[in-house]
Chemist: 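This structure is in structure tokens; I'll ask about it shortly.
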Amino acid sequence: METSVNLDFNEEEKKFRESIRQWMVENVPEDVRSCTARGAMPDKSMQQRWERLLGSKGWLTTTWPEQYGGPGWSATQRYIFDLERALAGAPPTSPFGVAMVGPVLYTFASEEQKERWLPGIQSGETLWCQGYSEPNAGSDLASLKTRATLNGDHYLVNGQKIWTTQAHWADMMFCLVRTDNTVKQQQGISFLLIDMKTPGLEVRPIYSIDGHHHLNEVYFTDVKVPVENLVGKEGMGWTIAKFLLTHERTTIAGVADIHHEINRLKSAMESLPTENERQQAQRRLASLEIDLMALEYTNFRTVAATDEGKPFGPESSGLKIKGTELQQRVSQAMVEIGGLMSLPWDNKQPIGDEVFNQASRRYNFLRACTIYGGSNEIQKNVLAKMLLGL
Amino acid sequence: METSVNLDFNEEEKKFRESIRQWMVENVPEDVRSCTARGAMPDKSMQQRWERLLGSKGWLTTTWPEQYGGPGWSATQRYIFDLERALAGAPPTSPFGVAMVGPVLYTFASEEQKERWLPGIQSGETLWCQGYSEPNAGSDLASLKTRATLNGDHYLVNGQKIWTTQAHWADMMFCLVRTDNTVKQQQGISFLLIDMKTPGLEVRPIYSIDGHHHLNEVYFTDVKVPVENLVGKEGMGWTIAKFLLTHERTTIAGVADIHHEINRLKSAMESLPTENERQQAQRRLASLEIDLMALEYTNFRTVAATDEGKPFGPESSGLKIKGTELQQRVSQAMVEIGGLMSLPWDNKQPIGDEVFNQASRRYNFLRACTIYGGSNEIQKNVLAKMLLGL
Amino acid sequence: MDFKLPENTTMIADTARRYLKDNYSFDTYIAQLDESNHLDEGRWQAMTDLGWFGLPFAESVGGYGGTLLDVSAIVQEMGAALCLDPYVDLIVSPGKLLEHVNTSTSLSLLEKVIAGDARVACGFYDRHAGYNILKPSLRLNSGRLSGQKHIVSDGGCADTVLLSAMSGDELVIIVLPIEACDVERYRLLDGSRAASLTLDDVEISEEMILCRGEDAKQAVLAWYDYLCALDCARMYGASRQVFQSTLEYAQTRKQFGTAIGSFQVIQHYLVDLFIDLQQLESMLLMVSVKAESDCISERVRATAGAKAYYASQAVIIAQQGIQIHGGVGVTEELNIGHYFRLITHCSLSHGDREHHITRFSQVGDSAHGGI
Amino acid sequence: MDFKLPENTTMIADTARRYLKDNYSFDTYIAQLDESNHLDEGRWQAMTDLGWFGLPFAESVGGYGGTLLDVSAIVQEMGAALCLDPYVDLIVSPGKLLEHVNTSTSLSLLEKVIAGDARVACGFYDRHAGYNILKPSLRLNSGRLSGQKHIVSDGGCADTVLLSAMSGDELVIIVLPIEACDVERYRLLDGSRAASLTLDDVEISEEMILCRGEDAKQAVLAWYDYLCALDCARMYGASRQVFQSTLEYAQTRKQFGTAIGSFQVIQHYLVDLFIDLQQLESMLLMVSVKAESDCISERVRATAGAKAYYASQAVIIAQQGIQIHGGVGVTEELNIGHYFRLITHCSLSHGDREHHITRFSQVGDSAHGGI
């Protein structure tokens, strides 16, 4: 039967997939793989080692245009790469350099700035963090107060950022600051690049409810930032922030990593103590897999549309909402299916299948995913307005 | 072990329960019982026959004060009566006379009005309907437009009511009308009693999605209503309507009838074709029963509080919300557990257990229960304001 | 990957939408509900002329070689229009079964179906087997059939029926003139016409047995998956309309002096419906392609996944559509409640959610990592 | 019916609340998390003085004859305060078991527990049995025990342990000095301290076997139901606090120039939480009374129902509490995330939702019409 719709990868894509899979098998370091298999998250040195390895292949910045060092892959290929990465048990790469400040730089920055900052991102050498949220500017980002005052050849930055993921790892921060108090909120915001080692900049840890250190507060006291670290013009910060929101979102749903989690859960089915528990767990698993299927094919549609040059607009927020909800549900299922096996918090020996041993930490960690990057409630407000005209 | 909390009925209550149960066994007519057992609803004559029977025992107006002919039962006894009524397969009584206009009359009406109208309600002779909603005044009831103009010894009523349940059965309607356009919306509303046979009053059926006729539109063209049919004073309509909202709500959750539905569903478990279906259905049933348990004990608390003279306030809206949701979920479960057996709509012979044969009609019918009487969304708005101070 | 619908499919969908818009209104539907024969000669002829009868079948058996994706496009539009014409029941369903049976007897009956000369219905469900189509409770004993078949969807007018039965341990498919049975006709939840057939010691000759054993099993399984996909198509068409109507209603209906769509809770409800609809669309595309795959496990994963998903999410769209409409949503006067019935109906026909969860959890992955 | 709490219970609850308010702050909790021994001598003595140690036990065995409702009131307040003191683990849990075992050996150990002179923990879970406490995988063979017990909640300091094992087909309860085992200690999800015990050919004398067979079974079942009720009490205390904190946060936290509690969606979330909390309160009352009933089926219905209900609804309260708090809700600095861990923990200890749904569906109605 002949139909010109092809929901499977075509021959070329399959070959590509095979080659990526092969490479992953050979190159994902064993300690990385086993860390992910346990449901744990790599520390800085492990994460950076892995990202440098990808960088050396030119595979860290897969979404970048070729002229800036991207590999020239289609959206489908990028999708495949991400899928194989996850299935091979490698962690997702940190988004702040590659997916966030990178595209900002090649879109808005001067040639000097591009030359100075892009190579470090591409190689995995420079680690970035994102200075957006403030204690009183979370969902309502535009009300941010951190101030940058022009003072000759530099800005003096004062204020505070919060929820800064990986600030304690980062070399650089891209940061929204207020440079003008006299205009409409959104128009007085600028986009600055700040060296994390600048005097007056202090990073204080915030521990997450998984017991780990991911987040930080960052305090600025007269932090000197050279004028050449301003991206675009003064007042363009909000435009740049919005640009990022509509930038490539073909992996926003987290489909690849959900597959990996579901595979982990499957592998632990045999360790369940009774037939009844196994049967109910299988049904729950089936239901999650089916939801993943719906998410995945919706995701494919965005990927295919991107390859046709018609990227999804705000519709892709739906992927973010469904994807984060599903990540949470899978992690909750894992904890609940584990039952007693999920209870220990800091034991050395798992009391059952290793899959469940860190499950509750992951479950805790993932409560954040419907909050960060614009809570799902905020996403729905935006969708109601932009898509439904309400 | 001695504890002074008693979650079970006490000896006296148990005796009362036994006597009611006995009476129900002996007196619920077989055709009524079998109608309910099929999941169908009685027609007018069957319903009225049953209500007259209760009326003759003085058991129709169980919530009324003794001076107006109530049986003098405690809230617990009323609750028990309602439970035994439902478990015996008898339908709930129509609320419009007994639970709505009755209490309005003995609270707000003149002696003449009481004498004229209360006996017919008590005996089950006079059937009432409620003229509240209008095409453009549903959730926003205060914006109603049906006008009553004083004209000598009568009002002339013009306008339209909608969603009038049992208007085609009723002898009388209690009706909110606008008597004054010059004051604040709520203050211009009055409460009128209207004879359904008055010239100029026309009832048109609205068929519900269960295929049956429950609802109507009622049109008023110069309908003459004697001044003595005004309850309270002009402008008191809104006060009276609000009074009704906080009146006795100890059976608002529908616990008794949910028990009956769950018993019906249980009785059909054996008719399921495979062991796997039975097992999943049992689990689903267990989950519904547990939810009913939570609802029932919350309901008990309101009943016990009422008997202590401390009736629940707006908290009981929570019972309405949870109760209607549970009614819907039980009916959905029945349809889905029935599977193929739920598909026939107007067959004479059930293709499986009779329980499933009308299940989809009931499922359709019950979609209305989260809408009528203030949609659950409106209830939540009110609760947020009155209870949480938001 | 290439997710763009083929031009041909888009054309078929457009034509179907236009045809139904011009020829099948909500009033037509309401009138048809009361008719005992759902085959309207005029529209039946029009569908032949539009090529719908031959579309689902291979050219080698006299069809036009359309794909399930094409048929799914038509059925989607029929769902959106609430159209009760028994196109699926009397053409696609028996036709696909006959095509899969693939014997000279079955193919010559298929020819008649395509030509519009035979009105054949399928009877694969009976009371004691539930959704287990491979183990019907109807038994063929010494050439005689006794028992019942239910939910035989026939538009109220089939003259011939295809039945499944067990002959010993073997599944058989039998073709029978419907007058050999005692027929009780009724409406179903979605308004369509069906029948219960009682067979009382009916003699079955060898030539009435279309096929048996493994062949019968494979034919029934392929037929089942095909119809599961069409259930989804119909539910998608209905869900699409529910969403559109509800959105429009929220934009125009005023309460408390403002459109109800300005309330944040209603906005979030609608966004949820929109997102769910987007995912239902993806699942429909998926199942419309994979449900005619030759790989059984791929087929089962696709149809079980899609039907289970629709049985929860499309139902929620219909329920929420009613809730947002309020009072008017629960009346027969508005289409919303009828879509609710249609969606509930399709969520139960050919397997409910629990059944498909079981199927899904019993089949292996079709491939590493989903796709 | 009389749903009013007895004055005595109200007094116990008030005292517990006041005591914890004065002596156990969030900072105390945070500090205790890092300690390996959760028995604080000062507070331990205070609890004895408050009469908590004797409260759960009949006067005939040296207790003060309190009801489960009384103990539940204390545990509720401990949940609300996030208090990790091992009152349940080292007093109530072993004490109730010893009381149910009801032999002279068990009662003399119980006396020591009440007096605060013995630190006894319960080990009834092992890897291969899951929640099946009647069929532990630990086996007693020819007077010797080998195997493992897990999740032995002991506050990090038990000296004695009560274990279940199979001796042939018979369940036995064994008392053992903890040093007879190889002990691995760790924290649990709720921050409490527990241990895994490895027994390597440990010799068990006859007097170490507290009871066996039907007696052991009944004792373990009664103990289990009692602890299920206390899980609910602890979850209720935590849920109550989550709701209160979240409501206050919504009233004060501003975004877009207005309190987030003014957004309709947040209002509806909070109303849902309020209603759920109301129902959780009802279920707690119910289970606190019925879980010590002598009628087993009434007990099972009560505890299975309550635990299954809490495992879905209390968890939702905690999840939504975090969601409404936003970023700050997922940090260790705020109590909300700790309540989430506590509630998740209690939803899994002594049977998860699926387990209790199974128990519930296997027991008959206790009576016609629920009550």
Side-chain angles (χ1 to χ4, degrees), chain B residues 133 135-140 142-143 162-163 206-215 271-274 276-277 279-281 284 328 332 335-353 360-361 363-372 375-378 380-381, chain C residues 33 125-132 137 148 150-151 184-192 194-196 253-257 260 263 265-266 269 311 315 318-319 322-334 336-338 340-341 344-345 347-355 357-358:
Chain B
S133 292
N136 289 304
S139 292
D140 181 13
S143 69
I162 196 167
W163 317 128
I206 300 174
Y207 282 86
S208 295
I209 55 174
D210 63 352
H212 294 307
H213 176 195
H214 312 281
L215 306 173
S271 73
L272 298 178
T274 67
N276 181 45
E277 283 180 57
Q279 195 195 333
Q280 296 313 319
R284 189 165 180 181
Q328 290 184 340
Q332 180 170 354
V335 168
E336 293 179 354
I337 288 171
L340 292 171
M341 296 186 257
S342 308
L343 288 183
W345 183 255
D346 59 0
N347 55 329
K348 292 189 193 72
Q349 284 287 101
I351 66 167
D353 195 292
S360 66
R361 286 190 189 250
Y363 177 37
N364 273 275
F365 174 70
L366 285 175
R367 296 324 296 173
C369 74
T370 49
I371 294 171
Y372 289 148
S375 72
N376 284 9
E377 286 74 22
I378 296 287
K380 287 183 190 178
N381 287 348
Chain C
L33 276 179
Y125 296 109
D126 38 42
R127 173 168 179 174
H128 300 287
Y131 295 118
N132 186 353
S137 56
Q148 287 192 306
H150 295 295
I151 318 280
E184 189 212 338
R185 286 208 161 89
Y186 41 80
R187 271 189 287 178
L188 299 180
L189 175 53
D190 67 342
S192 68
S196 285
R253 168 70 174 174
K254 290 194 172 166
Q255 292 276 284
F256 304 102
I260 62 169
F263 293 107
V265 161
I266 302 291
Y269 284 1
V315 166
Q319 290 175 339
I322 289 179
Q323 184 69 22
I324 295 171
H325 272 83
V328 72
V330 293
T331 70
E332 285 209 324
E333 291 167 19
L334 199 75
I336 294 293
H338 298 273
F340 175 65
R341 299 209 293 230
T344 306
H345 177 101
S347 75
L348 300 176
S349 61
H350 310 306
D352 61 7
R353 180 170 161 89
E354 294 289 359
H355 180 75
I357 292 280
T358 305

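Quick note: numbers below take in every heavy atom, side chains included, and nothing from hydrogens, waters or symmetry partners. Each chain gets a letter, A, B and so on, in the order the sequences are listed, and its residues count up from 1.
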Chemist: Output the option from G327(C), G130(C), A311(C), S349(C) having the highest count of non-hydrogen pairs under 4.5 Å with chain B.
Modeler: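 Sorted descending by pairs with chain B, the first entry is G327(C).
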Chemist: Is K380(B) in contact with chain C via its backbone, its side chain, both, or neither, using a 4.5 Å heavy-atom distance?
Modeler: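 Answer is neither: K380(B) stays 4.5 Å or more from chain C.
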Chemist: Given a strict heavy-atom distance threshold of 4.5 Å, which part of N136(B) is in contact with chain C: side chain, backbone, both, or neither?
Modeler: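 For N136(B), the contact with chain C is made by backbone and side chain together.
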Chemist: I need the residue from L340(B), N347(B), T370(B) with the largest number of non-hydrogen atom pairs under 4.5 Å to chain C.
Modeler: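 Looking at each of L340(B), N347(B), T370(B) in turn, L340(B) comes out on top.
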Chemist: Sort out for me which of I357(C), I322(C), V315(C) touches chain B most, counting heavy-atom pairs under 4.5 Å.
Modeler: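 Ranked by contacts with chain B, first place is I322(C).
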Chemist: For chain C, which candidate among Q280(B), E377(B), M341(B), E336(B) shows the most heavy-atom pairs at distances under 4.5 Å?
Modeler: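 Highest number of pairs under 4.5 Å: E377(B).
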Chemist: Heavy atoms only: give me the nearest H345(C)-S192(C) pair and the separation to one decimal.
Modeler: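 What the structure gives for the nearest pair is CE1-OG, 4.4 Å.
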Chemist: Which atoms form the tightest heavy-atom contact between F256(C) and I378(B), and what is the distance?
Modeler: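 Shortest heavy-atom contact: CE1-CD1, 3.8 Å.
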Chemist: Would you mind checking which part of S143(B) comes under 4.5 Å of any heavy atom in chain C, side chain (CB onward), backbone (N, CA, C, O), both or neither?
Modeler: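 Contact with chain C involves no heavy atom of S143(B) at all.
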Chemist: Considering only heavy atoms, which portion of A129(C) lies under 4.5 Å from any heavy atom of chain B: side chain, backbone, both, or neither?
Modeler: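 The backbone, not the side chain.
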Chemist: For S342(B) and V335(B), which heavy atoms make the closest approach, and how far apart are they?
Modeler: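 Heavy atoms only, the tightest pair is OG-O, 2.7 Å.
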Chemist: Check the angle between the aromatic planes of H350(C) and Y125(C) and answer parallel, tilted or perpendicular using the 30° and 60° thresholds.
Modeler: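 Geometry flag for Y125(C) against H350(C): tilted rings.
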Chemist: Report the relative orientation of the aromatic rings in Y372(B) and W163(B); use parallel for angles under 30°, tilted for 30 to 60°, perpendicular for over 60°.
Modeler: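 Taking W163(B) first and then Y372(B), their aromatic rings sit tilted (interplane angle of 30° to 60°).
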Chemist: So for F340(C), is it side chain, backbone, both, or neither that comes closer than 4.5 Å to the heavy atoms of chain B?
Modeler: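 The answer is the side chain of F340(C).
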Chemist: Can you tell me which portion of E184(C) sits under 4.5 Å from chain B's heavy atoms? Options are side chain, backbone, both or neither.
Modeler: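 The answer is the side chain of E184(C).
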Chemist: Between H338(C), Q323(C), R353(C), who has the most heavy-atom pairs with chain B when the cutoff is under 4.5 Å?
Modeler: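 Of H338(C), Q323(C), R353(C), Q323(C) has the most heavy-atom pairs under 4.5 Å with chain B.
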Chemist: Using non-hydrogen atoms and a 4.5 Å limit, figure out which bit of V328(C) sits close to chain B: side chain, backbone, both or neither.
Modeler: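 When you check distances to chain B, atoms from both the backbone and side chain of V328(C) fall under 4.5 Å.
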Chemist: Can you tell which of N376(B), N276(B), I337(B) has the highest number of heavy-atom pairs within less than 4.5 Å of chain C?
Modeler: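 Among N376(B), N276(B), I337(B), the one with the most close pairs to chain C is N276(B).
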Chemist: What part of I151(C) gets within 4.5 angstrom of chain B, counting heavy atoms only: side chain, backbone, both, or neither?
Modeler: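 Contact with chain B is through the side chain of I151(C) alone.
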Chemist: Which bit of Q255(C) comes within less than 4.5 Å of chain B, counting heavy atoms only: side chain, backbone, both or neither?
Modeler: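 Contact with chain B involves both backbone and side-chain atoms of Q255(C).
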Chemist: Carefully, step by step, assess S137(C) and D126(C) under the rule side chain to side chain donor-acceptor pair (under 3.5 Å).
Modeler: CA-CA 7 Å; S137(C) 56; D126(C) 38 42; 3.2 Å; yes
Chemist: Compare every heavy atom of P344(B) with every heavy atom of L188(C), then report the nearest pair and how far apart it is.
Modeler: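 So the two residues come closest at CD2-CA, 3.8 Å.
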Chemist: What part of N364(B) lies closer than 4.5 angstrom to a heavy atom of chain C: side chain, backbone, both or neither?
Modeler: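 The answer is both parts of N364(B).
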Chemist: Given the options R341(C), E354(C), H128(C), E333(C), which has more heavy-atom pairs under 4.5 Å with chain B than any of the others?
Modeler: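 Ranked by heavy-atom pairs under 4.5 Å with chain B, first place is R341(C).
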Chemist: So what's closer than 4.5 Å to chain B heavy atoms on H150(C): side chain, backbone, both or neither?
Modeler: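 Side chain only.
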Chemist: So what's closer than 4.5 Å to chain B heavy atoms on S196(C): side chain, backbone, both or neither?
Modeler: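 When you check distances to chain B, only side chain atoms of S196(C) fall under 4.5 Å.
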Chemist: For the candidates G138(B), A281(B), G338(B), which exhibits the highest count of non-hydrogen atom pairs separated by less than 4.5 Å from chain C?
Modeler: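 The answer is G138(B).
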Chemist: Side chain, backbone, both or neither: which part of Q319(C) has an atom under 4.5 Å from a heavy atom of chain B?
Modeler: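 The answer is both parts of Q319(C).
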Chemist: Closest heavy-atom contact between T331(C) and I209(B)?
Modeler: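 Answer, listing the atom of T331(C) first, then I209(B): O-CG2, 3.4 Å.
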Chemist: Hey, which of V330(C), L334(C), I336(C) has the most heavy atom pairs under 4.5 Å with chain B?
Modeler: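 Result: the option with the highest number of such pairs is V330(C).
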Chemist: For Q332(B), is it the side chain, the backbone, both, or neither that has a heavy atom closer than 4.5 Å to a heavy atom of chain C?
Modeler: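 Contact with chain C: side chain only.
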Chemist: Any idea which heavy atoms bring S208(B) and E332(C) closest together, and the distance?
Modeler: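 Taking every non-hydrogen atom into account, O-CG, 3.0 Å.
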Chemist: At a 4.5 Å cut-off on heavy atoms, which part of R253(C) comes close to chain B: side chain, backbone, both, or neither?
Modeler: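 Contact with chain B involves the side chain of R253(C) alone.
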